[in-house]
Amino acid sequence: MSSSPFLDYAGLAKLLDINESWLRRHIKRLPHEKYGRAVRFSSEHVAEIRQLHAVQPDALPTSAKAGPAALVPLGARHAA
């Protein structure tokens, strides 16, 4: 038995480590193919979904461009 090149909701949820219910709620905004009631995701769809939800860091402030020493960890406090 050959494996299908497409994933269903359960397969994509497992691949992305998210809840299947999240996929179902947001299906109108996600690239996919639909055959009757069956929803399928190709490897191209997976790549598009990952790109849609990729988060890029904000540009560093000018003072932080001096190097890693200029970055302060979240929650760190300066001595008064």
Side-chain angles (χ1 to χ4, degrees):
M1 183 163 135
S2 65
S3 65
S4 171
F6 294 98
L7 296 170
D8 58 8
Y9 281 115
L12 183 60
K14 184 176 180 179
L15 178 71
L16 298 178
D17 193 26
I18 60 174
N19 291 322
E20 187 176 327
S21 62
W22 186 93
L23 290 172
R24 291 180 184 276
R25 284 193 317 270
H26 295 89
I27 192 61
K28 289 184 179 183
R29 298 187 308 174
L30 301 174
H32 63 284
E33 293 180 22
K34 195 164 186 179
Y35 302 96
R37 297 178 75 174
V39 174
R40 298 291 181 258
F41 303 92
S42 68
S43 59
E44 291 83 10
H45 295 137
V46 174
E48 289 178 50
I49 291 167
R50 287 182 187 265
Q51 184 63 37
L52 286 170
H53 295 278
V55 178
Q56 298 298 321
D58 292 333
L60 293 175
T62 307
S63 62
K65 290 182 181 177
L71 299 176
V72 178
L74 291 175
R77 298 180 191 265
H78 297 316

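These figures come from a predicted structure and were not determined experimentally. Because only heavy atoms are used, hydrogens play no part in the values below, and waters and symmetry mates are left out as well, while side chains stay in.
Interatomic distance, L15 CG to L7 CG, rounded to the nearest 0.5 Å: 6.0 Å. For the atom pair Y35 OH and F6 CZ, the distance stands at 4.5 Å (nearest 0.5 Å).
Note: F41 and H32 have tilted aromatic rings, judged against thresholds of 30 and 60 degrees for the angle between ring planes.
Proximity of L16 to I49: side-chain heavy atoms (C-beta onward) are separated by under 4.5 Å at one or more points. With contacts defined as side-chain heavy-atom distances shorter than 4.5 Å, the pair L30/L12 does not qualify.
Across every non-hydrogen atom of A13 and L23, the tightest pair is N-CD1, 3.6 Å.
Within the structure, the salt bridge (Lys or Arg N to Asp or Glu O under 4.0 Å) test picks out the following pairs touching residues 19-29 (sequence neighbours left out): E20-R24. Screening residues 47-57 for side-chain hydrogen bond (donor to acceptor under 3.5 Å, both in side chains), with sequence neighbours left out, gives no hits.
The main-chain N or O of A10 is found under 3.5 Å from a side-chain atom of D8 such that the two form a donor-acceptor pair.
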